[in-house]
Amino acid sequence: DAGITQSPRHKVTETGTPVTLRCHQTENHRYMYWYRQDPGHGLRLIHYSYGVKDTDKGEVSDGYSVSRSKTEDFLLTLESATSSQTSVYFCAIRTGKTYEQYFGPGTRLTVT
Amino acid sequence: QKEVEQNSGPLSVPEGAIASLNCTYSDRGSQSFFWYRQYSGKSPELIMSIYSNGDKEDGRFTAQLNKASQYVSLLIRDSQPSDSATYLCAVKGEYGNKLVFGAGTILRVKS
């Protein structure tokens with residue numbers, strides 16, 4: 001258990017509404033990541049953070065924004081949710097000098 | 001776009017057999033390689049890391065890396081029904097702080 005929690009764990013929302021997912025860690029790791037997982041695509045990186053207020057885009061960043069105002073929290077926002085953003089979202093942290101990543105429990109998001 | 005390829009499976013093996021999972025990658029400068037196990041409805045769990053050519057053993061698991069051929073494999077000895085899961089290969093490229101994941105191989109161990 002890498003001390004990662006995600007909230008909410010499940011959410012159903014309507015097209016066009018804003019949605020914010022939260023990732024919280026308890027161990028002050030510098031790097032945090034947001035992925036989405038869809039059948040046939042595996043895990044795809046949305047955004048990641050390498051420190052407070054320091055973020056960068058991943059391969060599927062369109063339609064998503066992130067913020068990190070505190071070391072322990074990394075927020076993922078869908079400004080105007082679309083059905084194509086229905087997915088399972090995982091947060092991960094990277095520990096120490098290796099590149100190992102550990103995942104949170106995930107958030108299942110359904111956009112109707 | 002750096003790619004990581006895995007056979008989607010399912011790979012079916014009888015209980016007690018050796019399961020062999022393979023992964024190829026396109027970035028020749030890749031440095032670090034990881035295997036994750038993911039049970040249905042759960043999050044990925046790191047089971048092996050390998051950084052240099054050769055074999056690395058941990059219990060019933062052996063990771064094998066061949067950088068010249070750009071492949072990494074995972075062997076599971078004495079497979080158990082509890083090993084039934086999707087196995088994800090992840091690779092860190094030569095630059096940056098990101099991992100690229102394969103789409104995963106479904107393993108089914110039949111008792």
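Chain A is the first sequence line, chain B the second, and so forth, proteins listed ahead of strands; every chain is numbered from 1.
In this structure, the portion of A:L45 lying under 4.5 Å from any heavy atom of chain B is its side chain and not its backbone. Using a 4.5 Å cut-off between heavy atoms, A:Y99 touches chain B through backbone and side chain atoms alike. If you measure heavy-atom distances from B:L99 to chain A, the contacts under 4.5 Å come from both the backbone and the side chain. Contacts of B:S32 with chain A are made by side-chain atoms alone, with heavy-atom separations under 4.5 Å and no backbone atom involved. For chain A, no part of B:Q6 is nearby; none of its heavy atoms comes within less than 4.5 Å.
Checked options A:Y35, A:Y31, A:Y48; the residue passing with A:Q101 is A:Y35 (criterion: side-chain hydrogen bond (donor to acceptor under 3.5 Å, both in side chains)).
Salt bridge status for A:R68 with A:D54: absent, with no side-chain N to carboxylate O gap under 4.0 Å. Using a 4.0 Å cut-off between charged nitrogen and carboxylate oxygen, A:R36 and A:D38 count as a salt-bridge pair.
No side-chain heavy atom of B:L46 sits less than 4.5 Å from a side-chain heavy atom of B:P44. Contact check for A:T107 versus A:L76: no side-chain heavy atoms found under the 4.5 Å cut-off. Using a 4.5 Å heavy-atom cutoff, the side chains of A:Y33 and A:Y50 are not in contact.
Looking only at heavy-atom pairs under 4.5 Å with chain A, the residue among B:K42, B:E45, B:Q38 that has the most is B:Q38.
Between A:W34 and A:F74, the two ring planes are tilted [angle within 30° to 60°].
Figure legend: cation-pi geometry between A:R44 and B:F101 absent, as NZ or CZ is not positioned both under 6.0 Å from the six-membered ring centre and within 45° of its axis.
Hydrophobic cluster membership differs between B:Y39 and A:Y89, with clusters built from Ile, Leu, Val, Met, Phe, Trp and Tyr side chains linked at under 4.5 angstrom.
Contacts of residues 65-97 of chain B with chain A at a heavy-atom distance below 4.5 Å involve B:L88, B:K92, B:G96, B:N97, listed in sequence order.
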